[in-house]
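Just so it is clear: chains get the letters A, B, ... in the order the sequence lines come, proteins before strands, and each one is counted from 1.
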Amino acid sequence: MSITVYNTLSARKEPFEPLAPDSVTMYVCGPTVYNLAHIGNARPVVVFDVLFRLLQTQYGKVVYARNITDVDDKIIAAARETGRGIDEVTAEFTAKYREDMAALNALPPTLEPHATHNIEAMIALTQTLIEKGHAYESQRHVLFAVESMPDYGRLSKRSLDDMLAGARVEVADYKRHPGDFVLWKPAAAEDPGWESPWGRGRPGWHLECSAMIRAHLGETIDIHGGGRDLIFPHHENEIAQSRCAHGGDYVRYWMHNAYLDIDGEKMSKSLGNFRTVRELLGHYRGEVLRFALLSAHYRSPLNFSAELLDQAEATLAAFYNTLRALEEVPAAGEVALAEESFYRALEDDLNTPLAIAELHALAKQLHKAADAEKPLLKARLLAAGKLLGILQQAPDEWLQGGAGEEGIDAEAIDALINERQQAKADKHYARADAIRAELLAAGVELEDSREGTRWRRI
RNA sequence: GGCUCGGUGGCAGAGUGGUUAUGCAGCGGAUUGCAAAUCCGUCAACGCCGGUUCGAUUCCGACCCGAGCCUCCA
């Protein structure tokens with residue numbers, strides 16, 4: 001039982017060893033709740049959900065926190081645009097985010113800290129940084145002084161000089177060094193704000209995560225995850241804040257997922273080439289989206305397309321079909337995870353594509369197995385599915401249900417199947433085939449077997 | 001410009017210093033009234049040029065191409 005993860009900080013795979021022997025702390029950057037999550041936003045959620053499930057098989061206590069950023073310029077802008085209150089906007093999109101992620105079979109995190117509930121911790125952290133000479137006040141802002149930290153840039157592997165060379169942004173006049181970033185900024189009277197030693201204001205984005213991690217998980221956590229694009233500046237700055245405030249390690253393992261591409265370009269809100277999870281759920285079931293997201297390794301870009309989703313749908317249908325044929329077979333026997341190849345694949349830096357390949361191998365064994373071997377094989381397949389967060393539904397429910405609007409209802413289908421059975425018994429094959437064609441046109445595929453005719457929606 | 005990371009068969013996508021996953025699609029066969037599902041078999045790949053090596057897709061170097069970060073972004 002040993003998990004290996006790729007640590008962005010060291011740029012290599014490392015054996016995972018938590019700080020405490022039987023417990024793990026994990027934090028993943030959550031959403032800024034000003035609009036709907038897109039499918040790219042869902043990738044880290046699904047990836048780290050698999051990690052969460054995997055860790056739970058080995059450690060007695062796994063504390064997984066995913067924050068809600070509910071104070072931000074974009075939220076203020078969104079509220080203003082729609083003429084609604086900030087709270088109304090954040091409540092709506094927080095609720096929708098939870099629904100969408102649940103639809104993807106993502107387990108709820110252990111903790112879901114909200115930025116606005118942790119303002120005191122943020123102010124305290126800012127004060128500590130000022131006291132220790134790592135931050136300064138300037139024109140009602142409080143800024144982190146990057147030059148006060150010798151190894152600033154270590155995570156993103158760039159030096160302050162590199163950053164200056166590539167600077168594309170005008171430097172605000174209240175900054176001592178162009179790389180200094182905001183810990184606290186003033187709030188306009190009409191905007192949300194909190195009283196602080198530096199006047200009424202609100203926290204900078206990077207500060208939120210550092211403060212919430214400290215408040216809820218401690219000074220050193222085991223795993224911090226998020227999208228690759230957060231490496232700089234967000235995570236770099238978190239490290240600066242937390243290390244300078246508390247000393248010691250901040251995060252033992254940094255994990256970053258690659259993003260989803262559309263036509264070879266990153267899917268992002270700024271490019272506008274995104275598809276929301278909610279919209280996609282109108283066409284595909286959450287499990288299909290989840291499977292698609294897991295079909296490539298989390299550190300590789302994944303090209304998002306209709307073909308990808310159709311492929312995922314077809315593959316899941318094949319697995320559920322396998323399970324449906326075994327409905328009378330109980331899943332039984334002891335599954336020794338440590339010896340399972342799908343499990344070892346996941347232990348190796350979450351190699352989900354390889355784990356899925358092992359699922360195929362299990363399904364194949366199942367098709368060929370003697371009856372006596374089936375209960376254990378089925379249990380193994382289901383255990384693998386559980387870790388990946390798939391294949392847990394009743395096969396008929398999955399195969400006969402659909403994401404979109406319902407077509408022909410099940411009763412009518414059964415009636416036609418019965419009629420076709422009779423036609424077949426009478427050797428009226430033309431009629432039997434006509435019924436099959438009619439059902440196919442209605443999106444229903446038939447499968448004859450010794451046990452009778454089964455159907456599924458396609 | 002600086003800093004990262006990639007380029008694998010028709011498509012998706014793992015992996016490895018030598019026996020070259022897996023899925024879909026294709027082809028041949030078994031099965032089926034015909035299909036579907038399933039099974040058996042089969043085709044096919046490692047960007048380009050050098051180097052190291054008995055042997056490289058895998059290691060090293062150059063080159064070409066692509067993506068990302070350097071600004072809010074999963």
A.B. asks: Between the protein and nucleotides 24-32 of chain B, list every N/O to N/O distance that falls short of 3.5 Å.
C.D. replies:
{"residue": "B:C24", "atom": "O4'", "partner": "A:Gln311", "partner atom": "OE1", "Å": "3.1"}

A.B. asks: Could you measure between the two C1' atoms, the one in B:U22 and the one in B:G13, and give it in whole Å?
C.D. replies: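 Rounded to whole Å, the distance is 8 Å.
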
A.B. asks: Could you check whether A:Leu230 gets within reach of a base, just the sugar-phosphate, or nothing at all, counting any heavy atom under 4.0 Å?
C.D. replies: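 Here A:Leu230 touches the backbone only, sparing every base.
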
A.B. asks: Nearest whole angstrom, please: distance from the C1' of B:A37 to the CG of A:Leu366.
C.D. replies: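 So the CG-C1' distance, A:Leu366 to B:A37, works out to 14 Å.
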
A.B. asks: If I take atom CZ in residue A:Arg299 and atom C1' in nucleotide B:C5, what distance separates them, rounded to the nearest angstrom?
C.D. replies: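 To the nearest whole Å, that distance equals 10 Å.
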
A.B. asks: Provide, to the nearest angstrom, the distance between the CD1 atom belonging to A:Ile356 and the P atom belonging to B:G23.
C.D. replies: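 Computing the A:Ile356:CD1 to B:G23:P distance gives 12 Å.
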
A.B. asks: Return whichever of A:Arg158 or A:Gly227 has its heavy-atom-nearest nucleotide of RNA chain B closer to the 5' end.
C.D. replies: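 Checking each residue's closest nucleotide, the 5'-ward one belongs to A:Arg158.
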
A.B. asks: Can A:Gln422 and A:Asn418 be counted as having a side-chain donor-acceptor contact under 3.5 angstrom?
C.D. replies: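 Per modelled atom types, A:Gln422 and A:Asn418 side chains form no pair under 3.5 Å.
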
A.B. asks: For A:Asp448, run the side-chain hydrogen bond (donor to acceptor under 3.5 Å, both in side chains) check against A:Gln421, A:Arg454, A:Arg420 and tell me which one passes.
C.D. replies: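 Of the listed residues A:Gln421, A:Arg454, A:Arg420, the side-chain hydrogen bond (donor to acceptor under 3.5 Å, both in side chains) partner of A:Asp448 is A:Arg420.
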
A.B. asks: Tell me if the aromatic rings of A:Tyr34 and A:Phe93 count as close, with their centers under 6.0 Å from one another.
C.D. replies: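 That pair fails the under 6.0 Å test.
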
A.B. asks: Side-chain N or O of A:Asn321 versus OP1/OP2 of B:U38: is the shortest distance under 4.0 Å?
C.D. replies: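 No, because none of the side-chain N or O atoms of A:Asn321 sits under 4.0 Å from OP1 or OP2 of B:U38.
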
A.B. asks: Tell me every residue that passes side chain to side chain donor-acceptor pair (under 3.5 Å) with A:Arg80, counting only those two or more places apart in sequence or in another chain.
C.D. replies: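 For A:Arg80 the side chain to side chain donor-acceptor pair (under 3.5 Å) partners, ignoring immediate neighbours, are A:Asp191.
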
A.B. asks: Distance between the C1' atoms of B:C27 and B:C64, in whole angstroms?
C.D. replies: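 Their C1' atoms lie roughly 36 Å apart.
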
A.B. asks: Over all strands shown, is A:Leu359 touching base, sugar-phosphate only, or nothing at heavy-atom distances under 4.0 angstrom?
C.D. replies: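 No contact.
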
A.B. asks: Sticking with atom C1', work out how far B:G23 lies from B:U19, rounded to a whole angstrom.
C.D. replies: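 Roughly 23 Å separates the two C1' atoms.
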
A.B. asks: Starting from P on B:C69, measure out to NE2 on A:His234 and report it in whole angstrom.
C.D. replies: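 In whole Å, B:C69 P lies 16 Å from A:His234 NE2.
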
A.B. asks: Would you indicate, yes or no, if B:G2 has its OP1 or OP2 atom less than 4.0 angstrom from a side-chain nitrogen or oxygen of A:Lys157?
C.D. replies: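 Result: no.
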
A.B. asks: Rounded to whole angstrom units, what separation is found between the CZ atom of A:Arg228 and the P atom of B:G68?
C.D. replies: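 About 12 Å, once rounded to whole Å.
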
A.B. asks: Have A:Thr116 and A:Asp70 got a donor and an acceptor in their side chains that come within less than 3.5 Å?
C.D. replies: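 Yes, side-chain donor-acceptor contact under 3.5 Å.
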
A.B. asks: Among B:A35, B:A37, B:A14, which nucleotide sits nearest the side chain of A:Glu447?
C.D. replies: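 Looking only at side-chain atoms, A:Glu447 lies closest to B:A37.
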
A.B. asks: Which part of the nucleic acid does A:Gly40 contact within heavy-atom distance under 4.0 Å: base, sugar-phosphate only, or nothing?
C.D. replies: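 Here A:Gly40 touches the bases of the nucleic acid.
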
A.B. asks: Go through the steps for A:Trp455 and A:Glu447 under the test side-chain contact (heavy atoms from CB on, under 4.5 Å), then give the verdict.
C.D. replies: CA-CA 6 Å; A:Trp455 61 273; A:Glu447 183 185 324; over 6 Å; no

A.B. asks: Both atom distances under 3.5 Å, Watson-Crick or G-U wobble: I'd like the secondary structure of RNA chain B as a dot-bracket string, with | for pairs made across strands.
C.D. replies: (((((((..(((.....[...))).(((((.......)))))....(.(((..]....))).))))))))....

A.B. asks: State which of B:G68, B:A74, B:A14 makes the closest approach to the side chain of A:Glu265.
C.D. replies: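 In terms of side-chain proximity for A:Glu265, the closest of B:G68, B:A74, B:A14 is B:G68.
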
A.B. asks: Which part of the nucleic acid, if any, lies within contact of A:Asp433, taking any heavy atom under 4.0 Å across all strands shown: a base, the sugar-phosphate backbone alone, or nothing?
C.D. replies: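 Answer is base: heavy atoms of A:Asp433 come under 4.0 Å of a base.
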
A.B. asks: Look at the side chain of A:Lys368 and the base of B:C39, then say whether one donor and one acceptor between them are separated by less than 3.5 Å.
C.D. replies: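 Check fails, no donor-acceptor contact within cut-off.
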
A.B. asks: What is the nucleic acid contact for A:Tyr259, judged by heavy atoms within less than 4.0 Å: base, sugar-phosphate only, or nothing?
C.D. replies: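 Base contact.
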
A.B. asks: What integer number of Å spans the P atoms of B:A25 and B:C3?
C.D. replies: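 46 Å, rounded to whole Å.
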
A.B. asks: So, is A:Lys266 close to the B:C69 phosphate, meaning a side-chain N or O under 4.0 Å from OP1 or OP2?
C.D. replies: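 Result: yes.
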
A.B. asks: Assess whether atom CZ of A:Arg275 is packed by more than 12 heavy atoms of other residues, nucleotides or ligands within 6.0 Å.
C.D. replies: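 No, the 6.0 Å shell around CZ holds no more than 12 heavy atoms from other groups.
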
A.B. asks: C1' atom, B:A14 versus B:G7: distance in rounded Å?
C.D. replies: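 Result for the C1' pair: 15 Å, nearest Å.
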
A.B. asks: Which is true for A:Arg420 with a 4.0 Å heavy-atom rule: it touches a base, it touches only sugar-phosphate, or it touches nothing?
C.D. replies: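 The residue A:Arg420 makes base contact.
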
A.B. asks: Would you indicate which nucleotide in B:A74, B:A21, B:G33 comes nearest to any side-chain atom of A:Lys424?
C.D. replies: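 Given the options B:A74, B:A21, B:G33, the side chain of A:Lys424 is closest to B:G33.
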
A.B. asks: Distance between the P atoms of B:G41 and B:U20, in whole angstroms?
C.D. replies: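 So the two P atoms sit 14 Å from each other.
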
A.B. asks: Is the gap between the ring centers of A:His235 and A:His256 under 6.0 Å?
C.D. replies: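 Ring centres of A:His256 and A:His235 closer than 6.0 Å.
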
A.B. asks: Measure the distance from CZ on A:Phe342 to C1' on B:G15 and round it to the nearest whole Å.
C.D. replies: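 That distance rounds to 20 Å.
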
A.B. asks: Using a 4.5 Å cut-off on heavy atoms from C-beta on, say whether the side chain of A:Lys269 contacts that of A:Asn35.
C.D. replies: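 Yes, at least one pair of side-chain atoms sits under 4.5 Å.
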
A.B. asks: Tell me the interatomic distance from A:Leu309, atom CG, to B:C11, atom C1', rounded to whole angstroms.
C.D. replies: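 A:Leu309 atom CG is separated from B:C11 atom C1' by 15 Å.
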
A.B. asks: With a non-hydrogen cut-off below 4.0 angstrom, is A:Thr322 in contact with a base, only sugar-phosphate, or nothing?
C.D. replies: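 Here A:Thr322 touches no strand at all.
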
A.B. asks: Nearest whole Å is fine: how far is B:G68 P from A:Leu271 CG?
C.D. replies: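 In whole Å, B:G68 P and A:Leu271 CG are 8 Å from each other.
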
A.B. asks: Please confirm whether the shortest side-chain N or O distance from A:Ser305 to OP1 or OP2 of B:C11 is below 4.0 Å.
C.D. replies: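 Checking B:C11 against A:Ser305, no side-chain N or O comes under 4.0 Å of OP1 or OP2.
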
A.B. asks: Over all strands shown, is A:Asp310 touching base, sugar-phosphate only, or nothing at heavy-atom distances under 4.0 angstrom?
C.D. replies: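 Since no nucleic acid heavy atom lies under 4.0 Å of A:Asp310, the category is nothing.
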
A.B. asks: A:His206 and A:Phe181: aromatic ring centres closer than 6.0 Å?
C.D. replies: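 A:His206 vs A:Phe181: aromatic centres under 6.0 Å.
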
A.B. asks: Assess the side chains of A:Tyr174 and A:Asp180: does a donor N or O sit below 3.5 Å from an acceptor N or O?
C.D. replies: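 Absent: no donor and acceptor within the cut-off.
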
A.B. asks: Pair A:Glu14, A:Arg12 - check side-chain contact (heavy atoms from CB on, under 4.5 Å), show working.
C.D. replies: CA-CA 6 Å; A:Glu14 298 175 5; A:Arg12 62 180 49 148; 4.3 Å; yes

A.B. asks: Taking the P atom in each of B:C43 and B:A21, what is the distance between them to the nearest angstrom?
C.D. replies: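 It works out to 11 Å between them.
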
A.B. asks: If you pin A:Pro353 and A:Gly264 to their nearest nucleotides in RNA chain B, which one's is more 5'?
C.D. replies: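 Looking at the nearest nucleotide for each, A:Pro353 comes out on the 5' side.
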
A.B. asks: Report yes if a donor N or O on one partner sits less than 3.5 Å from an acceptor N or O on the other, where the partners are the side chain of A:Arg43 and the base of B:A74; otherwise report no.
C.D. replies: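 Flag unset: no donor-acceptor pair detected.
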
A.B. asks: Using a 4.0 Å heavy-atom cut-off, does A:Arg436 contact any base of the nucleic acid, only the sugar-phosphate backbone, or nothing at all?
C.D. replies: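 Base contact - A:Arg436 has a heavy atom under 4.0 Å of at least one base atom.
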
A.B. asks: Base, sugar-phosphate, or nothing for A:Ser159, non-hydrogen atoms under 4.0 angstrom?
C.D. replies: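 No contact at all - A:Ser159 keeps every heavy atom at 4.0 Å or more from the nucleic acid.
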
A.B. asks: With sugar-phosphate meaning primed atoms plus P, OP1 and OP2, does A:Leu362 contact a base, only sugar-phosphate, or nothing at under 4.0 Å between heavy atoms?
C.D. replies: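 Nothing: the residue A:Leu362, judged by heavy atoms under 4.0 Å, touches no strand.
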
A.B. asks: Of the options B:C39, B:A14, B:C70, whose atoms approach the side-chain atoms of A:Lys364 most closely?
C.D. replies: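 In terms of side-chain proximity for A:Lys364, the closest of B:C39, B:A14, B:C70 is B:C39.
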
